[in-house]
Each structure stands twice: as C-alpha cells, then as structure tokens.
Amino acid sequence: MQRKSFVAITFTRQKLQVVKLNSGKTRVEKFATVDLPQGIISDNQVVNPQGLTQVIKNIWRELGFREKTVGIVIPEFSTFVKPLELPKLEVSELDEAVRWQAQEFLPTGSSEMVMDWKIVGENGEKYHILTLAMKKAVLAGYVDAVSMAGLYPLLVKTPALTLNSLTGKEPLGKLIIYSNFGETVLVVAYGEKILGSSVLNLDEKVDVVESASLIVKHYKEVEIKKVFVGGADITQAFAAQVGKILGRPVEVLKSTVQGIPPGELQKYLVTISLGLAKSVGPSDETTINLLPVTWVKRYEGKRLKSQIWGLLSLSTLVILGCLIVTAGTYFYLGREAERIAGENKTKVTTVPEELTAKISEINETSARILAVSEVSQTPQEVINSILAVKPPEVTIKEYKLDLDNGKIFFKGVSPTREALVKFKEGLEGNPEFASISIPISSFEAEIDLEYEVNLIFVPATRKAGSTPKLPQNVKNTNTPGI
C-alpha cells in the first residue's frame, strides 16, 4: 500500500511535533510543536493515553488538518536495534529466518515484541539485514492514543532511522549526533545499516563529546569517517569541539524541503525526515515499519468505513437536494396556477408568452429532476453486491465505479488461485453483474495473485439510455484492502 500524503508526528518525553508536507514532498505546509502535560509520558511509555489523545485532537483542530493518515516517530530509548547477516533466501523464508535469529537477542518472548527488518546490503551469498524491535505494550500506548483521536496510523519509525536517512546511502562509517529538547541521540551506522544507538538526557549533565568518543571506541569494527551533527541544541562551538576531539570531519544535517524558516529547520529534522519516508506496509523488505500487519489491516478497515460513509452521505445529500427542488417547484407552480385562475375570474386575458415559456422550462426541469432521483444508484449497493460474494481471504485494493454507464472496475490480491476462481464464480452467479472479465494473466501466479476485474452493473444500465444523467462517478485510486 502506497499513499502519497500523511502527517508526520514525533513524540519525545516532553514534546509533540507535527509536520505536513505537500503532495510532492518538497515543501512544508504546516508545522507545530506543543508541550506535553506532566504525567502523559513517563520512562518513554504512554501512561495517560486519554490525555495524549486530547492533545492530538487539539492540535489537529488548531492547525485545521483534514488529513487523517499519520506516520509516527517513537522515542529511541524504547527500541532494540540489531544488524544480522543471513544467506540469500526468498523473502518469505528470509522473514522466518530473521525472526528465528532475533529470539537470541530480544529481551522478552517474541509474542511480547513487535519487530520489522529490511535488507540494507549484500555481500557474496549473504544479505545484510537491519532489525528493529520494541515491546508491543509500549508501541500500543502511542498508536492507541493516535487512533482514539480519530486518526489512522500508517507507519512507525525511530529517530535513528529517520536521521540516518538524511545522511545518504554512501557505504561509509558515520556517527550521528542529534540534540533537541534537552535530549541527545547518538547513532553509529555504516551506510543504511545502524550498528547501535544511545540516548542521553542533557538534564543529567552528561558530557556528550565524551560519550561520543566512547561510542566510537566501542564500535571499533567500523571506521568512523564522518560525523553528522544536528538539532536545535547544537552550536558551532560544539561542532568544532567534536571535530577536534574525534579527529573526523563534521557535517551539519540538512534537508532540501522548503517552506520552513532556517532557524526552525534543525528542530524539525526528525519529523520532516519521517514525512519524506516511503509509506509502505511492514511486509516490505526495503523499509522498516514497526506497525504490525494486523494493526495495519485494522486501521485500513476503519479508513474504508469512513470513506464509504462519506460516499453514502454525499449520495443522500444529492437525492435530498433533488427532492427539495422538486417540492419547491411543485408549490411554486401551484401558487402560480391559483393566481392565474383568480385573474381569469375577474377578466378574460391571454397568458403572457414569457410566463408560458417559464412554466414550460420549470416543468421540463422538474421532470428531469424526478427522472434522476428515480434511477440514482448508490455506490453502497454495488459495493455490498461485490462483498457478498467475495471470499474473506481475497482483498480489494482499488475500485472505480461509473454508475452512469454501469461500468465497474476493481483490483486486488488473492492468496490462492482457488480463492480467485471462487470469487469469479460468485460474481457470475449474481444476476446484477454482466460481462465479467478477469485477465488470464491474473491466474498465472500460484499465490498472492494480483487480479483486475471489469464488469457491468445491470441495474444501472437498464435505465441509462432513456434517463437524464446526474454525475455519480465514484473513483478511489488508493483504496485499502477490503
């Protein structure tokens, strides 16, 4: 699933940041930072989900956000990072191998942890894998608070992942130091592979430079060739001190996104970087997304219900508007008829041509409105007819409804060829559908068959040839799986 637009949210111990980029992801449209009340987050865990939900609702209302889909950055301290090397296997087998080996370093059982991974490189017969895990209960605190605010989480990342994406994919050892809101994140990475991360609380008077030096010595298997610094708390004097003590070139973290004052850019680097991320599901082997697949499907279902209710509401308003116009026209004509009849009682006169033409125009308009209201088909009728015969394991990702001509198109994924055949037979057995077409290429794969269906919705075509048309085309090019 790929969406072009979402709002990025970053949580820290004391702050909440939001950033909304334009559809091209080249400019910041809206951004804000708010203080979190005491008792909302403690030890990097959400202890008051209802309070956090209210904070999110308030900022959505104040900034006037219409977008409901969001990406989340959770505190770095809550996660576990581990690089692995595994033989080159199929993606499904590789996932099983990663999760099996992860049991050796996860602090608790796999049932209590959420984990995702991605391929960050390869060497000969092996893949270089980056794994990221955290406790399911900790993740649920942030995700549930967002969900209760009426939003739909799409992806979950950490500051280390977003910061490393700002340094490029060049295969070299690097140290990232990001200091913001009294907290410093140190990340040791090689290319896209994160070797380790650490979080320092500046309130505890920790020497960041000394800690950075110790980290460089600890990860001696990789040669640190460059140091990246960033964040609102970083000064030029600090950058110079880091370069002098570590003896490496120092570069300031940057972003090419426009629309934010230069003085604010460093404060929002993590959140902006999340907004630039690919919004794909956790099953993709090229990205890391800590949101579990089952949770993704749950929020996709909620979003789909919201879209369907929106379409139903729009259809209801259109039909109601037609009825109101019809009723108004009827009463107007009735009053005009009574007035003309009264005038005819007192004197004999001819009806003015202007009034005759106006009455004819109103009658014609009224007839068209009544005809439209009689043949209007709601999108829900078509969707319900399709869902009634769809096997539960088959998903629908995208649909287009042309209710003027009765043309229906949708596509999705079937886990097996038998399920797709069963779906096709169910559609053929419904007398409301005709001209059902599924390309033969859809049946070539053994599993996870990507299919497309074209058909005719018969009730819409029966009256289409003789009835005035009201635009009802419904199109959804980014439909989550049904």
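Atom CZ of R417 and atom CD of E446 lie 4.5 Å apart (nearest 0.5 Å). One finds the CD atom of E452 at 8.5 Å from the CD atom of E398 (value rounded to the nearest 0.5 Å). Between the CG atom in L86 and the CD1 atom in I129 there is a gap of 5.5 Å [rounded to 0.5 Å]. Put simply, CD on E450 and OG on S441 are 10.0 Å apart, with the number rounded to the nearest 0.5 Å. Here the NZ-CZ distance, from K254 to F228, works out to 10.5 Å after rounding to the nearest 0.5 Å.
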Full working for side-chain contact (heavy atoms from CB on, under 4.5 Å) between I396 and V453: CA-CA 10 Å; I396 298 175; V453 178; over 6 Å; no
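Contact check on R13 versus E183 returns a salt bridge, with a Lys/Arg side-chain nitrogen under 4.0 Å from an Asp/Glu carboxylate oxygen.
Between A212 and I177 the shortest heavy-atom distance is CB-CD1, 4.0 Å. Nearest heavy-atom pair across G39 and V47 is O-CG2, 3.0 Å. Smallest separation of non-hydrogen atoms from L290 and L132: CD2-O, 3.4 Å. Counting all heavy atoms, side chain and backbone alike, N164 lies closest to A189 at OD1-CB, 3.6 Å. In terms of heavy atoms, A419 sits closest to S414 at CB-OG, 3.5 Å. Pairing each heavy atom of A32 with each of I59, the nearest pair is CB-CD1, 4.0 Å.
Between the side chain of Y190 and the backbone N or O of P171, at least one donor-acceptor pair lies under 3.5 Å. Without hydrogens or angle criteria, Q266 side chain to S179 main chain gives no donor-acceptor distance under 3.5 Å. Distance alone, capped at 3.5 Å, places no donor-acceptor pair between the Q17 side chain and the T12 backbone. A donor-acceptor pair under 3.5 Å links the side-chain atoms of K157 to the main chain of I288, judged by distance alone. A donor-acceptor distance shorter than 3.5 angstrom exists from the side chain of T131 to the backbone of K82, with no hydrogens or angles considered. Proximity of a side-chain donor or acceptor of Q45 to a complementary backbone N or O of G141 within less than 3.5 Å is not detected. Distance alone, capped at 3.5 Å, is enough to place a donor-acceptor pair between the N22 side chain and the T26 backbone. With T69 contributing its side chain and F6 its backbone, the two residues share no donor-acceptor pair below 3.5 Å. When atom types are taken as modelled, the side chain of N454 and the backbone of S437 share no donor-acceptor pair closer than 3.5 angstrom. No donor-acceptor pair closer than 3.5 Å links the side chain of T53 to the backbone N or O of A149.
For K88 and Y127, the positive end sits near the middle of the six-membered ring, less than 6.0 Å away and at most 45° from its axis.
In this structure the side chain of I408 reaches within 4.5 angstrom of the side chain of I386, judged on heavy atoms. Here the side chains of W117 and L94 are in contact, with some heavy-atom distance below 4.5 Å. The shortest distance between side-chain heavy atoms of V70 and W60 falls below 4.5 Å. Looking at F11 and V146, their side chains come closer than 4.5 Å, going by heavy atoms from C-beta outward. Counting heavy atoms from C-beta on, the side chains of K118 and D116 never come closer than 4.5 Å.
Inspection of the D144 and S147 side chains reveals no N or O donor paired with an N or O acceptor under 3.5 Å. Side-chain atoms of H128 and E85 form a donor-acceptor pair, as typed in the model, at a separation below 3.5 Å. Looking only at atom types and distance, the side chain of T271 has a donor-acceptor partner in the side chain of T10 under 3.5 Å away.
Using the six-membered ring where Trp is involved, F423 and F410 have ring planes that are tilted, between 30° and 60° apart. Taking the six-membered ring where the residue is Trp, F433 and F457 present tilted rings, their angle falling between 30° and 60°.
In this structure, D448 places its CG atom where more than 12 heavy-atom neighbours from other residues, nucleotides or ligands lie under 6.0 Å away. Enclosure of atom CD in E221 by more than 12 non-hydrogen atoms of other residues, nucleotides or ligands within 6.0 angstrom is indicated. For K174, the NZ atom sits in a packed shell: over 12 heavy atoms of surrounding residues, nucleotides or ligands are nearer than 6.0 Å. The local environment of NZ in K30 is crowded, with over 12 non-hydrogen atoms from other residues, nucleotides or ligands closer than 6.0 Å. Annotation: E264, atom CD; neighbour count of heavy atoms from other residues, nucleotides and ligands within 6.0 Å is above 12. By the 6.0 Å contact criterion, NZ on K15 is enclosed, its count of non-hydrogen atoms from other residues, nucleotides or ligands being greater than 12.
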Without placing hydrogens or testing angles, list every side-chain donor-acceptor pair under 3.5 Å for residues 240-247, not counting sequence neighbours.
none

